[in-house]
Every structure is written in structure tokens, then in C-alpha cells.
Amino acid sequence: MQENTTNVNNKPTLNFIEEIVETDIQNSKNGSRVHTRFPPEPNGYLHIGHAKSICLNFGLAKKYNGKCNLRFDDTNPTKEDVEYVDSIREDVKWLGFNWDGEYYASDYFEQLYEWAIQLIKIGKAYVCDLTQEQMSAYRGTPTKPGTESPYRSRSIDENIDLFTRMRNGEFPDGSRVLRAKVDMSSPIMHMRDPILYRIIHTDHHRTGNKWCIYPMYDYAHGQSDSIEGITHSICTLEFEVHRPLYDWFIKTLEIHAPQQIEFARLNISYTLMSKRKLLELVNEKYVSGWDDPRMPTICGIRRRGYTPESLRNFAELIGVAKRDNVIDIALLEHCIREDLNKKAMRVMTVLNPLKVVIDNYPDTTEEMDAINNPEDETAGSRKVPFSKVIYIERDDFMEEPSKKYFRLSPGNEVRLRYAYFIKCESFVKDENGEITEVHCSYDPASRGGNSPDGRKVKGTIHWVSAQHAVDIEVRLFERLFNAYDPENYPEGGSYKDNLNPDSLKVINNCKAEPYLKNVAVLSSYQFERLGYFCVDQDSKDGKMVFNRTVSLKDSWAKIEKKEEK
RNA sequence: UGUCCUGUGGUGUAAUUGGCAACACGUCUGAUUCUGGAUCAGAAGAGUUUAGGUUCGAGACCUAACAGGACAACCA
């Protein structure tokens, strides 16, 4: 974990939420207790924006010896499903967090109902028969005050009667709602008699057909927080304008008052974060599923090969504040490279094979010692078979090299990693001018990779022995969107116009050293000089599939780019 | 023509409460290296949206502008 930055007194700096929490602790607010919650609606898969919130809420609880609940905000049965509940539980766990209590807003339906009755009894809620269109017209606009509903002055008895019958299923969907009686002329739209309950004759994934009226978010969320004894209710900025209503319910009901605090949601360059649109990408098959490795979902990122540690570190690095932000995708990539550099075993694979024949090498096989991870001594070493015919990367040979090219070219000598120095003597082209084979000579004295005469070579390239190679499939991913902000598209267009048509490239028949013949799903490797790769769940016995998590930093690519100019 | 929120290097976050702006990513040098990786050393890059004001002193406090964002689902 990265160190926090420190201030002049060498104390770690706090984000604005930690500052609030520490002040509250000092003032013995809530008995100096800290209790947060992560409250997803089970209507989709979690994405990396949620990961920020998860790290924040669970992190706060951990830092201040408090608790953090997992609470499903399941107040809309038409959109929610157990499939999502399960995936959310899995994702939070995978990220490395254990919740103190697992709750559902639906656990509180009875209590919420009783409080609604209470509100009616004190004249703070009423049943309204306005149609949706009418209600919208009565509500006014942000700049124009609303008008009071003609049903606003119903008697308490009539309201109780109607609301009870709403619950009993006597009315069809949409025919009536229960509204709070607040202030139709408030400049805050949410205070213009917001809806508390609506009629939905749909089975709920937990309560079945017990209810046909369901509470709205504003009515359910704060009270759920209150019931659970939440002290700091942290949410994203778009709920800022809801806070007066959040406080109004708590105050009117005279129950425990959590403090709602809003922070700016995460945005990442070239990445789409809207749940609704991600669902669209899945439904319309632009991606293979929620866990497509190009998706910013937690399960997608996991399948891509990101580690929980790298994500937690990312959440730490991006900080928490209230201003709109766009995090450079390069920071995310930095986090996974940093983590995998320390952990991932090195291995040699050739993605785009070019056959190399070492003419003066005997027809035998020998085993070369290769270090498993230069960053981790305890990782040990392994044997890699070497023979007369090997594959190298097509990019590692150039017929007419530029002066800064250090790899194999006619007459040039390079090192085969952990093996020998080889020198290119000749090469063969087919009728299309494509190079099909390179012939080299090797220096037997350079075994292991160093020449006793102290001769230096500039380039070291990776290789795989042809007769020992195992075929693997490799999936290379590029960003899903070409646009810095995928949501920014010309008029009449769609965010889908920003989709990158080349975001997935599948390469078959890549050559790997034998070690990779059968490795565990989700395990990560560094393919030397190429990048970090992770075993995909589509792997079958004898046919491994690897996802490229992220490439290695490539300073050669930069030089190449410069030379093009 | 309402209410609320936010403006600090390219990006993000700091500056403990008023003492001449720090850290990370990115970028660029150079060293080193059996990964053009990693590592190490260094550099460039903001005078804090603007204008006033308070003060010996303002990124921070006050006022006013300007800019961006949120709010008008029986979604969350």
C-alpha cells in the first residue's frame, strides 16, 4: 500500500471525509462510534466506481475501528434480481472486505410502513390520486414553484384508509401514491411533496408477493441507515440535493440521525461508468458479458487479471474529494504493473512466431536455467528446454533495422534470454516477400547468456524451443472506447459510435514454454518483454487461454513513434 | 433565469486551518540492467478561475463576477 502523503508536521493528510469523522470522534458524536455501509441496488454488476465507494466505506470502518454493513437497496422489484445480489457479494469479498452485517432494505418494509402510518397521523403524508403527467405538471420546474395537489388536504382517516387499501392490493399500479407533505414551493425539487410509496404488483426477490406497495429510495434509504445505527452515510454527489429530504424524514420521525456525506464519483479516461449503458453493451452483445475483460466491472477487471491489492491501492491513490474528476487510465495500469511486477512469475512465450534455425547447434536438447522472478528471490528458478529450432517474436527481427534497433538483424548478434548469443547469418523469404525462416549461428561459449570474452550484446530477446512449445491462445485487449470521454459524441450520435472496433484481438497458435501447459485459472504471469497475462476461464485441458492484463512499459515503442515523425 | 455543489501543474490529490505550493501518475534526460521491464539519479511543468477587499503576510478569510456540475422517474 502506498504511503499517504504527509503534511508539514509529518502527520498523514486526511481526505475531507476522514476529517469529518475525526472531528465527530473527538466531539464524541454517536459515542465516538463509526459505522458506515455500502448500499448497492442489486440491479446490475458492480464496477470500478463502486470499488472506490467500497474501499472508502470499508476503509473508514477499518481505520477508525468501526463497522461497515453491506446493505442491498432493494426497493424496486421490477429491476432487481438475486443474480445481482450474488455477484455483488462475491465482488465485495474478492476485493478483500468482510461486512459486519448483511442487510436488505426489504428487511425494513414493515417498519417503514409503520413510519408511513405515523407520518399520516401527524399530518405529514397523504395519498395522492394525481396521474403521473398531472403530478409532473403540478411539480413545477426548478425555477418555477409547484402547485399543491387537490388531494393534499384529505383527512387523516381517509389517508389511513386509502393507504391501508393500497397495501391490501385494492388499487392497480400507478393509480395512487403516498406522498410526504413538505413544501410545493421549495426551491429544492425533492422537497415538493416527494413520493413515499408507489403501487407495484410485482413479486420481490426476497419478500415475494407479500407487498404490492414499495417505498421510494428517499424514503427507504435514510431510515434504513437510521435503523442500522449508521453514523456516516457516504454517497455520491448526485444525492447532495436529496440531503434536505434525508434530514427531514429523520427529524420528523425523531429517530437516530446518520450524517450524509457526498463525494465525487470516479471517472476514468476512455471508460464508460454508467450502469445502464454497461447493461446495454452486455444485452446488445458488444461485449461477451458482464465479465468481459474489457468491461470496467469488478468481475471484468478480475477476469482481466487485476488483483484486489492493485485495485485497493488505486482507490487509495485517487483520493476522495468533491470536485468532478477524470482519472488517467494510466494510473490504473500503473497500479497493476506495480503489483504484478513483484508477484508474477516470468515465463517465455512467443505471440507472433518466427522460426529460427541455429545451424551449428547439434540435434540435441538441453535445459537452461531461468529465474522465475528477479524481483522475488524466493520464487526460485526453473529449467527451460532449448534446441536447434526455436521461435522468436516476429518483431524481434528486422531485415533493415534502424540505428536504434537492438534486436536481431542480418549480421547482428543478440542474446537469447538465459541461453546463448546468436548471430543472424541469413534468412529465407517466400514468394510474397514474407520472411519465413532465419538462420543463425550460436556461440557455445556464451551458454547461460554471457560470453567469457566479455563481449557485449545490446539486445536480449525471448524464445521458445519449437519441438517443446505448447500452443496457447492469447487475447489482447485495447481500450473499449477510443474517445477520452465515451459519453461525448456528436449530436444525433451515440456513445456506441466511440466503441473501439479493435478492442479485442485473439491470437491463436502462440508458442509457450512447457511450464504453461496447465496452469490455474486466474493465475498471473509475466510473459517476458510482452506484458502481464492471466489464465482465462475458457482454458481447457491442453488448450490454455491467456488474457493480456496490461502490456509492459515499452520505451522501444516510444522511440519507434518518434522515428516515424 | 431558482437552489445546491465545485474551481490548485497535462491528470488526480495535498498544503492540519493565514507564513511565499507538496506528493503520485504521466512526460523528458541520464545511469544501470541477460526483460528497450524493474531499479536509481535528475529535469521540465502550476503562482492556485478573475477582480476587488481584510492582513505585515491569502491557495486558504470576505465580496462580486466568471466557468463547470447536480436537481423538474411512481429509478437508485
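Naming convention: chains lettered A, B, ... in sequence-line order (proteins, then strands); numbering from 1 in each chain. Because the structure is a prediction, the values reported are computed rather than measured.
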Query - Side-chain donor-acceptor contact under 3.5 Å, A/S106 with A/D74 - result: yes
Query raised in the report: With a non-hydrogen cut-off below 4.0 angstrom, is A/F239 in contact with a base, only sugar-phosphate, or nothing?
Result: base
**Report entry** Of A/V241 and A/E528, the one whose closest RNA chain B nucleotide lies more 5'
**Finding:** A/E528
Query raised in the report: If you measure from the ring centre of A/W556 to the centre of the six-membered ring in the base of B/G36, is it under 5.5 Å, with the planes under 30° apart?
Result: yes
Report summary line: Whichever of A/K404 and A/T141 has the more 5' nearest nucleotide on RNA chain B, that residue is A/K404
Query raised in the report: On a whole-Å scale, what distance lies between the C1' atoms belonging to B/A15 and B/U8?
Result: 10 Å
Query raised in the report: Are A/H242 and A/Y246 close enough that their ring centres sit under 6.0 Å apart?
Result: no
Query raised in the report: Would a line drawn from the ring center of A/F314 to the ring center of A/Y306 be shorter than 6.0 Å?
Result: no
Query raised in the report: Could one point to a donor on the side chain of A/E375 or the base of B/U39 with an acceptor on the other under 3.5 Å away?
Result: no
Requested in this report: Could you check how far CG of A/L331 sits from P of B/G12, rounded to whole Å?
Outcome: 11 Å
Query raised in the report: Do the side-chain N and O atoms of A/E18 and A/Y64 include a donor-acceptor pair separated by under 3.5 angstrom?
Result: no
Query raised in the report: With respect to A/F386, which candidate in A/Y420, A/Y418, A/Y391, A/Y442 satisfies the ring pair (Phe, Tyr, Trp, His ring centres under 6.0 Å) definition?
Result: A/Y420
Considering only nitrogen or oxygen atoms on both sides, find all protein atoms under 3.5 Å from nucleotides 6-8 of chain B and state each distance.
from, atom 1, to, atom 2, distance (Å)
B/U8, O4, A/R323, NH1, 3.4
B/U8, O4, A/R323, NH2, 3.4

Query raised in the report: Base, sugar-phosphate, or nothing: which does A/P374 touch, judged by heavy atoms less than 4.0 Å apart?
Result: base
Report task. Classify the side-chain pair A/Y45/A/E83 by whether it contains a donor and acceptor separated by less than 3.5 Å. Result -> yes
Query raised in the report: In whole Å, what is the span from the CG atom of A/L237 to the P atom of B/A76?
Result: 20 Å
Query raised in the report: From B/U35, B/C74, B/G2, pick the nucleotide closest to the side chain of A/M135?
Result: B/C74
**Report entry** Phosphate OP1/OP2 of B/C75: any A/T78 side-chain N/O under 4.0 Å
**Finding:** no
